[in-house]
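To keep things clear, I will list the structure first and then write my remarks on it.
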Amino acid sequence: MYAGSIHGTECDFLSRDYEGIEAKFLGGSVDNMKVELPATYQQGGGPDYMGKVLTTPIYFGQPVKQGTKIKVDFSWTEEWDGELPDVPVVQAAEGYTLTETDLANLDIEVIASGYTDTEFQKKIENGVIVLYRHSHNLIKKAAVPATCETQGTGEYWKCEGTDGCGKMFSDEAGTTEITLDDVKTDALGHNYDTSTWGYKGTDGHAHTCSRCGEHDTVVAHTEDSGTKTKLPTETETGICTYKCTVCGKELRTETIPATGTTGDDKGKISTDIEKGENVPTVKIPASNELANILLTPEEKQQVEKGTDIRIVLKVEDASKNVSGADKVLIESALKNGAADGYSIGQYLDINLIKIIGGNNSSRISKTNSKIKIAITVPEALRNTDSGRTRTFAVIRVHDGKAELLNDIDSSADTITIETDRFSTYGIVYKDSGAAPTVTPSPQPTNKPSPLLLATGKQTGKNAIKLNWLKCKNISGYEVYSSYCDGKSNYKKVKTIKATGKRTWTHRKLKKNRVYKYFIAAYKMENGKKITIAKSPVIHVAMKNAKQTNVKSIRANKTKITLKKGKTFQIKAKIKRENGKKKALSHAAKLRYYTDNGKIAAVSRKGKITAKGKGICRIYVIANNGVSKKIKVTVK
């Protein structure tokens with residue numbers, strides 16, 4: 001048995017004598033509703049309001065039988081047996097057309113003892129507002145298996161169709177409601193076969209995934225010293241084949257001149273790098289390239305007759321033993337000379353030695369042609385502030401003269417120079433590009449939110465589209481931009497209110513350049529603009545630039561649970577947009593951030609340390625802001 005009633009507020013123009021009066025709805029809201037009373041019905045000694053249109057607050061708390069009209073009744077109660085009626089309706093007065101506004105404003109609520117299904121849908125049908133009790137139309141959704149990079153879903157049922165409510169259930173009967181997160185399955189992650197190099201391209205080698213065939217980060221080949229795959233004869237040339245020492249791929253071949261005699265095989269030319277303690281990694285050209293620069297015709301003839309020649313680049317830390325004269329020359333160049341504006345990072349002694357036949361050695365102080373040397377930037381000198389650009393160079397001191405040698409590569413991790421003199425060198429650097437009104441963002445951050453991250457993507461022929469995370473309780477965002485040339489300062493290019501979209505497209509850009517950006521979130525206080533948060537600087541390469549952007553990041557885990565004090569090492573790899581180009585590396589290859597350092601901190605090398613109970617997220621971001629999110633739960 002169910003019971004219910006229609007309730008209204010007491011009015012001086014309607015009394016309880018008017019029970020069961022049939023009124024027609026003329027629109028308005030629940031607090032200001034217009035109803036028409038019939039002209040032919042009147043009883044009792046109350047005022048005559050019959051046939052008039054009145055405005056009164058009405059609250060409907062009772063569905064009525066299908067086909068009847070809602071009645072204005074201040075004391076009416078009805079009890080009935082059986083099921084609750086399916087379709088309560090409200091009919092408009094003759095000549096009045098119900099509108100969508102009426103539909104939105106009419107507040108009808110089902111109230112019945114012991115009856116809990118209150119899911120109804122309202123619509124206008126043939127001039128009547130019909131209130132339907134919702135019946136699910138459940139459609140089975142087949143399970144979608146997860147792939148290496150995309151999530152999957154289990155089997156579920158969803159209410160769809162014209163009147164579908166969109167709700168999901170784990171069973172066909174619709175008894176257990178779920179969400180999409182309940183049936184999601186994590187991406188499988190790539191299963192790289194590390195026992196072999198499945199990918200061997202011209203750009204390097206990599207491991208391939210046994211499931212999808214994708215390869216991980218390409219590692220450059222390491223060329224061996226060559227193997228004579230065809231020995232030269234007196235009249236025929238031979239062949240020397242060079243392979244990668246890691247994956248075995250044949251990289252190139254080189255012709256061996258005919259011997260002209262029946263004597264022994266030629267001698268070998270080899271190169272070595274000897275570095276002392278506290279010295280960065282150094283790379284030099286291949287043996288054959290150095291031989292063409294350093295060996296005299298007589299020495300080359302010695303090699304043809306079987307003499308081995310060894311070329312050694314010796315690098316030592318000179319911070320404690322640099323001569324006073326050389327130090328004065330370098331400091332003078334830093335103040336007002338060739339390196340004005342730079343600061344000294346580390347002194348080095350770089351010497352070139354030629355050893356003939358194993359015993360006869362000589363130091364080479366000057367060469368006829370320049371030799372390219374790549375020096376890895378020492379860890380202590382790397383840029384740790386995303387709000388600035390750090391430019392590196394090298395000062396060379398030789399024969400009483402200090403000269404600045406500029407970095408000729410585009411990588412932030414190496415300094416490549418060309419030199420023909422060998423003695424005292426100094427690694428130098430200078431910073432530029434920080435926006436003076438914006439507080440630099442920590443690198444990495446271990447402080448609580450706000451954490452503002454941005455992503456940049458080349459779009460169209462000459463534009464870059466930016467997107468960024470939302471910051472709460474702010475007034476707006478400012479977009480700063482600059483060229484990646486080490487000279488240009490940041491300029492504010494766009495201001496967007498907090499209520500606007502967190503995306504902006506920078507247009508009319510040059511196709512062969514690299515651009516950098518950061519987003520600053522600000523709040524207005526007492527008429528002043530206060531910076532609340534700033535994103536790390538992102539670097540975006542255009543289509544015709546020498547390097548390419550990161551397309552995606554893969555991590556060894558996307559969810560981890562740690563106990564307080566425990567650690568976890570993130571291992572992440574990138575996939576490039578253009579596999580034929582090297583990835584842009586104006587900042588660190590990958591950077592790491594936490595949105596709550598009180599729960600979990602992360603080092604610049606990706607080591608997570610659990611700090612306190614709770615849940616936070618660690619972000620791994622590439623140069624262009626493409627990121628991978630890792631959920632961390634600390635118990």
Side-chain angles (χ1 to χ4, degrees), residues 196-197 199-206 218-234 236-276 279-316 350-364 367-376 409 414 416-420 422 582:
T196 183
W197 297 99
Y199 173 83
K200 298 178 183 178
T202 56
D203 56 341
H205 47 259
V218 176
V219 180
H221 294 300
T222 302
E223 186 178 277
D224 63 11
S225 57
T227 301
K228 293 176 182 177
T229 51
K230 179 185 176 183
L231 295 176
T233 66
E234 202 175 334
E236 293 184 356
T237 59
I239 298 175
C240 184
T241 301
Y242 295 86
K243 295 183 178 181
C244 175
T245 60
V246 180
C247 70
K249 178 179 172 61
E250 184 177 308
L251 304 178
R252 63 186 181 89
T253 60
E254 193 175 80
T255 301
I256 305 173
T259 62
T261 67
T262 57
D264 296 330
D265 290 344
K266 291 195 307 180
K268 291 184 178 180
I269 302 171
S270 61
T271 57
D272 286 306
I273 297 174
E274 295 181 359
K275 49 182 229 143
V279 170
T281 301
V282 177
K283 293 183 180 180
I284 55 176
S287 302
N288 60 328
E289 185 177 339
L290 286 178
N292 290 331
I293 296 174
L294 300 177
L295 299 190
T296 65
E298 292 78 11
E299 290 167 343
K300 292 179 181 178
Q301 193 66 34
Q302 286 181 273
V303 174
E304 292 293 327
K305 293 180 180 180
T307 302
D308 293 336
I309 295 182
R310 183 168 169 249
I311 301 168
V312 178
L313 186 76
K314 191 172 183 179
V315 186
E316 294 181 306
I350 302 180
N351 293 297
L352 193 61
I353 301 169
K354 182 166 52 178
I355 304 172
I356 302 175
N359 296 317
N360 183 16
S361 66
S362 59
R363 179 177 174 272
I364 303 172
T367 59
N368 293 327
S369 299
K370 291 183 178 180
I371 296 173
K372 185 180 290 186
I373 299 176
I375 305 170
T376 300
D409 72 23
T414 59
T416 302
I417 60 170
E418 290 182 332
T419 183
D420 56 1
F422 298 87
K582 291 184 178 180

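These values consider heavy atoms only, across backbone and side chains, with no hydrogens, waters or symmetry-generated copies. Throughout, numbering of the chain's residues begins at 1 and tracks the sequence.
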Are His205 and Cys244 packed together at the side-chain level, in the sense that at least one heavy-atom pair is separated by less than 4.5 angstrom? yes
Between Asp420 (side chain only) and Ser369 (backbone N and O only), is there a donor and an acceptor less than 3.5 Å apart? no
How many angstroms lie between OG1 in Thr222 and CG in Leu251, if you round to the nearest 0.5 Å? 9.0 Å
Looking only at heavy atoms, which two atoms of His221 and Thr202 are closest? And how far apart? CD2-O, 4.2 Å
So how far is it from Ile417 CD1 to Ile371 CD1, rounded to the nearest 0.5 Å? 10.5 Å
Might you work through the side-chain contact (heavy atoms from CB on, under 4.5 Å) test for Ile356 and Lys354, ending with a clear yes or no? CA-CA 7 Å; Ile356 302 175; Lys354 182 166 52 178; 4.3 Å; yes
If you take all heavy atoms of Ala374 and Thr416, which pair is closest and at what distance? CB-OG1, 3.8 Å
About how many Å separate OG1 of Thr241 and CD of Glu250, when rounded to the nearest 0.5 Å? 5.0 Å
What one should report as the nearest heavy-atom pair of Pro280 and Ile375 is CG-CG2, 3.7 Å
For residues Leu313 and Ile350, report the shortest heavy-atom separation together with the two atoms involved. CD1-CG2, 3.8 Å
To the nearest 0.5 angstrom, please state how far the CG atom of Asn368 sits from the OG1 atom of Thr296. 10.5 Å
With rounding to the nearest 0.5 angstrom, report the CG to CD1 distance, Leu294 to Ile311. 4.5 Å
Grab the two heavy atoms, one from Lys372 and one from Glu418, that are nearest each other, plus how far apart they are. CE-OE2, 3.8 Å
Test your reading of the model: is there a side-chain donor-acceptor pair from Lys200 to the backbone of Cys247, 3.5 Å cut-off? yes
Glu223: which residues meet the salt bridge (charged side-chain N to carboxylate O under 4.0 Å, His left out) condition with it, sequence neighbours left out? Arg252
Could you check if a side-chain atom of Ile269 sits within less than 4.5 angstrom of a side-chain atom of Leu295, using non-hydrogen atoms only? yes
Closest heavy-atom pair and its distance - Ser361, Ile355: CB-CG1, 3.8 Å
In terms of heavy-atom contacts, does NZ of Lys275 have more than 12 from other residues, nucleotides or ligands at under 6.0 Å? yes
Output yes when a side-chain donor or acceptor of Asp224 lies under 3.5 Å from a complementary backbone atom of Thr245, and no otherwise. no
For Asn292 and Lys300, what are the C-alpha separation, side-chain angles and deciding distance, and is it a side-chain contact (heavy atoms from CB on, under 4.5 Å)? CA-CA 9 Å; Asn292 290 331; Lys300 292 179 181 178; 4.0 Å; yes
Walk me through whether Asn351 and Arg363 qualify under side-chain contact (heavy atoms from CB on, under 4.5 Å). CA-CA 7 Å; Asn351 293 297; Arg363 179 177 174 272; 2.8 Å; yes
Could you grab the distance from atom NZ of Lys230 to atom OG1 of Thr255, nearest 0.5 Å is fine? 9.5 Å
